[in-house]
2 protein chains.
Amino acid sequence: MAQPTVDNTRERILDQAERLFAAKGYEAVSIREITGAAESNLAAVNYHFGNKMNLYMDVFRERWLARTRRIRENFLNQLADIPEPTVSEVIGAMAREFLDGPLGDEERFRHVQLMQRELSHPGKALRMVVEEVMRPYNQQLIDLIRPNLPAATDEEHLRLCIISILGITLYFTFARPAVSMLMGHEYDEQFKTMLIEHITSFALKGLAALKEEN
Amino acid sequence: MAQPTVDNTRERILDQAERLFAAKGYEAVSIREITGAAESNLAAVNYHFGNKMNLYMDVFRERWLARTRRIRENFLNQLADIPEPTVSEVIGAMAREFLDGPLGDEERFRHVQLMQRELSHPGKALRMVVEEVMRPYNQQLIDLIRPNLPAATDEEHLRLCIISILGITLYFTFARPAVSMLMGHEYDEQFKTMLIEHITSFALKGLAALKEEN
DNA sequence: GTCTATAGCAGGATAGAC
DNA sequence: GTCTATCCTGCTATAGAC
């Protein structure tokens, strides 16, 4: 049987590259390790991607970016049934997305770690992460929340709040090993549910500070 | 003049190593780059530290750990004059410590980046960071804040709040490049003051959620 | 498109003179 | 304690057979 064989090697390499880059960082991973894990030939990376940095960027362009779209769609689907979502519902949906969403646990962790590396240690993909993903996502959250806030709410403070809420959520994701040690919990279903509730109520109150300023 | 010459080379290497590890990460920095910046000989690292990983750990043990002590002392000094500090004063002092404290701007950034790398990508220093620094610091914040909360406040929720508050503060520090892009501000004095106020009021309200649960 | 083979170089580590 | 010189491993990248 002739397989419909679309460039399977390329895909396998992208998969393993993403996994390893997320886990160890760009410099700590060798092409040999990637092609080994992908069960392909050492030379395949250069054939398909030209060089290592290009592979890294293609991981962002073809995998990471596509996944943010899936996450965003799912987030919007959660809210689609609700005509006028409350702030609590919006924040809750967002937190669930990052801590217990439709992605597998490993995939979600990988996704945030990859992003995290660019945020804290700017590389070639930072501009893409910020301009194509974070800015529009933040704006979307603002648009969803705004109707529930006083019309005079200061735009700049609101943006700081959104960044803070995302910051907490990301923090509970990528600092998972440290949080686990501090709290004495694995990230099982029970603990994740607790985290989502915590983030939602904490952030809801934090946003309330905006109301009192005006 | 005979200098009192304590092992100057060793200190210079530690300095440069810390700077470079924080900026680029362990794997991305070579011994050659470190000794070059420290204007010492290539072999000096192996002579003084044995190997590269040992140098990395000594950076944590001798520099990073010592700095956390300084930060903690300064934090306590800020509160020393106040007999019964309010939650707002405690959080404010903490946020100021990380965003605009007594350390130089570069040193503070370096400090948090180094920590951040271990939190998100566990290495050999994670246990030390968590057990010797984060856990006691968190506990100290709890002890300071507790008197202002209802006696029945759930310990676990309180700890989640503290982690969240520190998480936001760290996030605004290490994700500085991304935050700058999103907000369109450099981290000048004005912006830092704004951030400190934001964190304080946001966290204060978040903590208030605890009061209502009981 | 996949493989082997290898060029060419940078890295960590060490031996041994001073 | 500092330096030079060097070993050896492991890396990226590429050439060229299949």
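In what follows, every chain begins at residue 1, and chains take the letters A, B, ... in the order their sequences are listed.
Ion pairing between a basic and an acidic side chain is recognised when a charged N comes within 4.0 Å of a carboxylate O; K124(B) and E118(B) show no such pairing. We find that R10(A) and D15(A) are not joined by a salt bridge, their nearest charged nitrogen and carboxylate oxygen being 4.0 Å or further apart.
The interatomic distance linking N41(B) (CG) with dG12(C) (P) rounds to 14 Å, in whole Å. Separating the CZ atom of R32(B) from the P atom of dG11(C) is a distance of 6 Å, rounded to the nearest angstrom. Between the C1' atom of dG1(D) and the CZ atom of R12(B) lies a distance of 12 Å, rounded to the nearest Å. Between Y47(B) atom OH and dA5(D) atom P the separation is 21 Å, expressed in whole Å. If you measure from atom CE of M53(A) to atom P of dC11(D), you get 17 Å, rounded to the nearest angstrom.
When every heavy atom of F21(B) is checked against every heavy atom of L55(B), the shortest pair comes out as CE1-CG, 4.3 Å.
The cationic group of R176(A) lies under 6.0 Å from the six-membered ring centre of F109(A) and within 45° of the ring axis, placing it in a cation-pi geometry. A cation-pi contact, defined as under 6.0 Å to the ring centre and within 45° of the axis, links K52(B) to Y26(B).
Nucleic acid contact for A44(B): none, since no nucleic acid atom lies under 4.0 Å from a heavy atom of the residue.
When each of H48(B) and E33(A) is assigned the nucleotide of DNA chain D bearing its nearest heavy atom, the one mapping closer to the 5' terminus is H48(B). Nearer the 5' end of DNA chain D, as judged by each residue's closest nucleotide, is the contact made by R10(B), out of N46(A) and R10(B).
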Stepwise ring-ring contact (aromatic ring centres under 6.0 Å, His included) check, Y137(B) with F75(B): CA-CA 11 Å; Y137(B) 191 62; F75(B) 168 71; 5.8 Å; yes

Structure string for DNA chain C in dot-bracket form, Watson-Crick and G-U at under 3.5 Å, | interchain: ||||||||||||||||||

